[in-house]
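Have a look at the structure below before the remarks.
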Amino acid sequence: MDCLFCQIIAKKLPAKLVFESDSIIAFPDINPSARVHILIVPKKHIIGLQDLKKEDGELLSEIFEVVNELVTRYNLKDNLYRVVVNGGKAQHVSHIHFHLLGGELKKFV
Ligand code: 5GP
Ligand code: ZN
């Protein structure tokens with residue numbers, strides 16, 4: 001298994017998990033682009049946006065529930081935040097992930 005995020009999911013590589021369920025993990029980005037920069041990652045190895053299937057609909061709604069929980073936890077509701085999914089050459093890890101960026105953004109991801 002040479003997928004970085006699958007190795008984090010399998011606890012073979014360390015990450016400070018801020019959320020974990022049967023289907024999703026979330027942890028801080030190692031190179032943050034904002035005061036709050038969390039990666040929300042489904043445990044299912046889906047490569048990217050274009051590989052999503054209709055059957056992943058429930059998983060996507062769970063991902064946005066986690067986003068909302070973290071927005072509340074990090075007091076971003078009345079601050080600025082955005083959710084980013086990179087694709088194509090903008091995506092560096094080939095396991096779909098959702099960047100939650102909040103507070104002062106340092107740069108665009
Ligand atoms: P992408 O460019 O694929 O949308 O985002 C990948 C993100 O993963 C980057 O923001 C990068 O900083 C982050 N990242 C890469 N390797 C690691 C790692 O080993 N641990 C953590 N926590 N984040 C990582
Ligand atoms: Zn993977």
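We count ligands from 1, going down the list as the structure has it; atoms in each ligand are counted the same way. Throughout, residue positions are numbered sequentially from 1 according to the sequence presented.
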Short side-chain to backbone donor-acceptor contact, E62 and P42, under 3.5 Å: no
Below a 4.0 angstrom heavy-atom separation, can you tell me which part of A90, side chain or backbone, both or neither, approaches ligand 1? backbone
Within the distance-only criterion (no hydrogens, no angle test), does the side chain of D56 pair as donor or acceptor with the backbone N or O of K53 below 3.5 angstrom? yes
Counting heavy atoms only, name the option from D29, L13, I96, I8 that's nearest to atom 12 (O) of ligand 1. D29
For ligand 1, which is the ligand I care about here, please tell me if Q91 has any N or O atom under 3.5 Å from one of the ligand's N or O atoms. no
Mutual orientation of the aromatic rings belonging to F27 and F5 [parallel < 30°, tilted 30-60°, perpendicular > 60°]: perpendicular
Candidate with minimal heavy-atom separation from atom 14 (N) of ligand 1, of V41, V84, I30: I30
Would you mind reporting whether V83 and F64 have side-chain heavy atoms less than 4.5 Å apart? yes
I'd like to know whether ligand 1 has S33 as a neighbour, heavy-atom separation below 4.0 Å. no
May I ask you to check whether P28 has an N/O atom sitting below 3.5 Å from an N/O atom of ligand 1? yes
side-chain contact (heavy atoms from CB on, under 4.5 Å) partner of I25, chosen from L39, V41, V18, I40: V41
May I ask you to list the protein N, O or S atoms found at less than 2.8 Å from the Zn ion (ligand 2)? C3 SG, C6 SG, H45 ND1, H95 ND1
Can an N or O of F27 be found at a distance shorter than 3.5 Å from an N or O of ligand 1? no
Less than 3.5 Å between some nitrogen or oxygen of H37 and one of ligand 1, yes or no? no
Does ligand 1 have a heavy atom under 4.0 Å from the side chain of V85, from its backbone, from both, or from neither? neither
Close side-chain approach of I38 to Y74, heavy-atom, < 4.5 Å: yes
Close aromatic pair by centroid cut-off 6.0 Å: H97 and H95: no
Can an N or O of F5 be found at a distance shorter than 3.5 Å from an N or O of ligand 1? no
Give a yes or no on whether the backbone of S21 and the side-chain of K43 come within a donor-acceptor separation of less than 3.5 Å. yes
